[in-house]
Protein chains: 2
Amino acid sequence: MMTVPLDRSYADQLDAADDLAGMQQAFVNLEPDMIYLDGNSLGRLPRAAVDLADDLVRRQWGERLIRGWNEGWFDLPERIGAKIARLIGAAPDEVIVADSTSVNLFKLVVAALRAQRGRMRIISDDLNFPSDLYILQGVVDLLGSGHEIALAYSADGIHGPVETILSLLDHNTALLTLSHVTFKSGFLYDMKALTAAAHAVGALTIWDLSHSVGAVPIDLNGSGVDLAVGCCYKYLNGGPGAPAFLYIRRDLQERLINPISGWMGQRDLFNFDLDYAPTAGLRRFLTGTPPIMSLALIEPGVDLILAAGIERLRAKSIAQTEYLIELWQQRLAPLGYTLNSPRDPARRGSHVSLGHPAGLGIDLALINELNVLPDFRAPDNIRLGITPLYTSFRDIYIAVERLAQAVIEQRYLKYQSNRPTVT
Amino acid sequence: MMTVPLDRSYADQLDAADDLAGMQQAFVNLEPDMIYLDGNSLGRLPRAAVDLADDLVRRQWGERLIRGWNEGWFDLPERIGAKIARLIGAAPDEVIVADSTSVNLFKLVVAALRAQRGRMRIISDDLNFPSDLYILQGVVDLLGSGHEIALAYSADGIHGPVETILSLLDHNTALLTLSHVTFKSGFLYDMKALTAAAHAVGALTIWDLSHSVGAVPIDLNGSGVDLAVGCCYKYLNGGPGAPAFLYIRRDLQERLINPISGWMGQRDLFNFDLDYAPTAGLRRFLTGTPPIMSLALIEPGVDLILAAGIERLRAKSIAQTEYLIELWQQRLAPLGYTLNSPRDPARRGSHVSLGHPAGLGIDLALINELNVLPDFRAPDNIRLGITPLYTSFRDIYIAVERLAQAVIEQRYLKYQSNRPTVT
C-alpha cells in the first residue's frame, strides 16, 4: 500500500483532481462544516427535490387534486422503476417501485417458495440485514410447511461465508437470499458466481441491493439473477423512508403469484370486478395505493446517479474508501481502531466500518461534539458511509482527524452509558 | 320531505347559517370556481400541510438528515395513530399508521385466521371494496387451508345485505369483514349490531373504515370491534396515497402474529439480533421503514377534523346530503338520474351516488366542460363526495345545476366511447 500524506492539503489536491466534485452542488448542504458520513443510511436532499416537493404539494395535490392520478401519479411505480433498472442491469419492465423493502421481500420470498414447492431449504447468512432474516422467519412460520432457514456464518464477521454457502446449496434448496453488500462490514458478494451456483442446484436467488444500488455497478441480467429488492433512501437519495423497489426477471413475472394481491395489480382496476385477476407484467406485484409524496421524491436522486454514471461513482468510491483505509492504518490503528471491512476493494461496497472498544461512545462524541455524522452498528462498528456524489476527500481527512481526537481526548467517556439509537 | 327552494340564494342562506363554513379557509383552493366533490377519494390540501411539507423537506431531511429519526420520525406511526384513535373511539395505543390499507388488511386477515384455527368461513359482501376482496382471495389462496369466502349479495346494490350476513354467521365463521361505509352507494352498516352478532358465534370482525373515518362518528371500543383498517387520504385529507392505519383492540394485540414480521416491529431493533422477537404493543404490526414525507403529512388533516369535531361534521354532512337528495328529486330525477344511495341518512355515509344511463359521459362532461369534479364508479355511478370541512351548500346547488345541464344539453354524447380511469 502506498503511504498517503497525512495532511489536509493532500486531501485538497485529491478534491481538485476529482471530476465528480461539482456534483456536490446538486445537493442542499445547510451545515457545510458538518461531515456527513451517513449517506448509506439516508442520502442527502437533492436540490431538484426541493422544487419537486413544492410542485407536488402545491400544484399536484393542492390544485390538480384527484386529477393527479391521470397526470402522472399512476405511472410513477413503473417510470421510476425503469430508471432504477438502468442502474442495476435490468430491462425497464423488470423493476417497479412499491411498498417497503421488507414488504417487497415478503412478496418475493412467498412467491419463490410457492414456485419451488417441495424444496424446503432457504439459505442466507448472518451478515444479512436482520430485517431480511425476520421476514424469512415470518414466512416460514406462516407457511408452516417445514421450511428450514440455513444460515451460513461468517468466520470473521467481515467477509461473507462463501464456502459455507456453496456447501449448503443442494437439491432441497428453494432459495438463496443475501445482501449484495452487507450492512455492517460492507462485504460485496460475487453476485454472478453465487447466482450460478444456486442455479446449478435449481435454487432461485433474491438479492437485497439496499447497500449496493447507486454505489456499485450491478448487472442483474448479466448475472442471471431471478429476483431482487432494494432501498431508495440510501445511496439513491430518495428521502426518508422512501418506497423500495423490486425486480423480477421477465420470464418469471407471469409465473409468480403476489401473495398480497392488491387492487393496484388488478387487470382493469376500474372495472371493480369482485374477483382478483392480476394484470400482465410486473404491476401485478403492486398492492395498495402508493404514497405519492415519498414515491415521487425518489426520482431526483436517481437522476443524479444516472447523470454521474455508476462506473465513475464506483471509481471515486474505491479511491475514497482506499484513502480512508490508508489514513486509518497510519492514524487510527495505533489508537485501537480495527478495520471491520474487507481490505480488498473488489470485495467492498462504499462504506467502511471501523471497530473500537469504545465505539458507541466515540460515535456519540463525533455527533454531539465533533460535528461528524457517521452511524453506529452494534456491537462496536462506527460505520463511515462514502457517497461519492457529495463526499469529498477533505471530508474523509477531517473525519479521520476527529476520530483520532475522540480517542486522544477521551471524548467517549461521558457517553459510555448510552444505548444505541437510530443513527 | 320538505321541498327546498330551487335557487342559489337559498343555498347562500344555508351557507350563511353554517358555523363550519370558516373551516374552508384552512384549505388551499386554487380554483375557487371549480366544484370539488371528490374529497372522499382525495381530500384537499390543508394550508398547514404546505408549511409542514416545506419543513419536512428543507429542515428535517435537508438539514437534520439522519438525526430526523430521533427527532420525531420514529414516533410518527404511534403519534398520528393516537390522534386518529380519537376519531374512531379507540384508545391511543390501539391505532398505528403503517403501509397501505391493503397491506394492513392482509396482516390482520392472516393474523385473525391463524387465531381462529379450525374455523373456515370468511364473510363479506359484494358492496365491499374489491381491493379488500382481492386481499381475502389472496390470503385464502396462500394459506391453502380450505377457507371459504362467503359473500353476501345486496338485493338492490345500494343497501348492505344485513339479513344475509346474519344468516351466514355460524360457528365455522372465523371472520366477518365489511366496509363500514360502502364505496359505491355509501351505505352505512350498524357496526355495533353486526359486531355483536359476529361475536355471538365466536367470529372476529375487521371493519374497513376508509369511507367512514373523518365522515361519521365511529365508536370501535363501544362497538366491541376487534380489528379495523382505514385510509388517510380520503376524509382525513392526508395527501395522495398517504399511509393507512390499523386498529387492534388492546387485549388482542399480544395474541396476534404479524405475518410480515419486519424490523420496525422488533424489540430492541438496534441490537440487530438475528432472531425476530416482536416488541410489546401495537408496534409489532409495523413492518418496514415508513415513507416519512407521506406519513408526516397526514397530521394536519387529522388535526382539522379534530378541531371541527366529528359530531358537528356529521350534522353538516347529513344536512348537505339531504339537501343534495332533495335537489336531486326535484331537478335531476325527471332527467333520468336515479338515487343509488340510501335515502335514510342514518344508513348513509357522506357521499351520494347518482346513477344515469349516460353516467360516464356525464362524469367526463362535468370534469372537462362544466368545472365540476365528482368521480365515477362503474357501471353508472356518479359519486358526489360531501366533505363538510370545505363543501358549501352553494357547491351542491351549482353541481346539481350542472348535472342537469349535462343532460339537457346532451354534453355526454361526445364522451360515450371513453372508458373509466382513475377519477
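Chain letters run A, B, ... following the sequence lines, proteins first, then strands; residues in each count from 1. Everything quoted here is computed from the prediction, not taken from an experiment.
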When only pairs under 4.5 Å are counted, which of [options] shares the most heavy-atom pairs with chain B?
options	value
A:Pro240, A:Pro130, A:Gly288	A:Pro240
A:Pro291, A:Gly138, A:Gly262	A:Pro291
A:Val110, A:Asn258, A:Ile260	A:Ile260
A:Pro46, A:Gly62, A:Ser145	A:Gly62
A:Gly265, A:Ala49, A:Gly68, A:Ser100	A:Ser100
A:Cys231, A:Gly238, A:Ala242, A:Gly239	A:Gly239

Apply side chain to side chain contact (heavy atoms under 4.5 Å, CB included) to B:Leu42 and A:Arg67, showing your working. CA-CA 10 Å; B:Leu42 176 61; A:Arg67 295 167 290 196; over 6 Å; no
Counting only non-hydrogen atoms closer than 4.5 Å, can you tell me which residues of residues 101-108 of chain B sit against chain A? B:Ser102, B:Val103, B:Phe106
[atom1]-[atom2] distance between [X] and [Y], expressed to the nearest 0.5 angstrom:
X	Y	atom1	atom2	value
A:Ile66	B:Leu37	CD1	CG	12.5 Å
A:Leu56	B:Leu45	CG	CG	11.5 Å
A:Ser131	B:Tyr276	OG	OH	12.0 Å
A:Leu274	B:Tyr153	CG	OH	6.0 Å
B:Met293	A:Ile298	CE	CD1	11.5 Å

Pick one of side chain, backbone, both or neither for [X], based on which atoms fall under 4.5 Å of a heavy atom in chain A.
X	result
B:Phe27	neither
B:Met264	neither
B:Asp132	neither
B:Asp126	both

Yes or no on side chain to side chain contact (heavy atoms under 4.5 Å, CB included) for A:Leu65 and B:Glu31, after CA distance, side-chain angles and deciding distance? CA-CA 11 Å; A:Leu65 288 156; B:Glu31 284 185 274; 5.9 Å; no
Region of [X] in contact with chain B, defined by heavy-atom distances below 4.5 Å:
X	answer
A:Glu63	both
A:Asp54	neither
A:Gln60	neither

Could you tell me if the side chain of B:Trp263 sits less than 4.5 Å from the side chain of A:Phe129, heavy atoms only? no
Heavy atoms, side chains only, cut-off 4.5 Å: are A:Leu142 and B:Arg114 in contact? yes
At a heavy-atom distance under 4.5 Å, which candidate from B:Ile135, B:Thr287, B:Asn128, B:Val28 has the highest pair count against chain A?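 Going by pairs under 4.5 Å, I would pick B:Ile135.
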Search all heavy atoms of A:Trp61 against all heavy atoms of B:Asn237 and return the closest pair with its distance.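 In terms of heavy atoms, the two residues are closest at CZ2-O, 3.5 Å.
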Given side chain to side chain contact (heavy atoms under 4.5 Å, CB included), test B:Tyr134 with A:Asp273 step by step and report yes or no. CA-CA 10 Å; B:Tyr134 303 159; A:Asp273 291 331; 4.3 Å; yes
Criterion side chain to side chain contact (heavy atoms under 4.5 Å, CB included) on A:Phe376 and B:Phe270, from CA distance to verdict: CA-CA 9 Å; A:Phe376 183 76; B:Phe270 286 94; over 6 Å; no
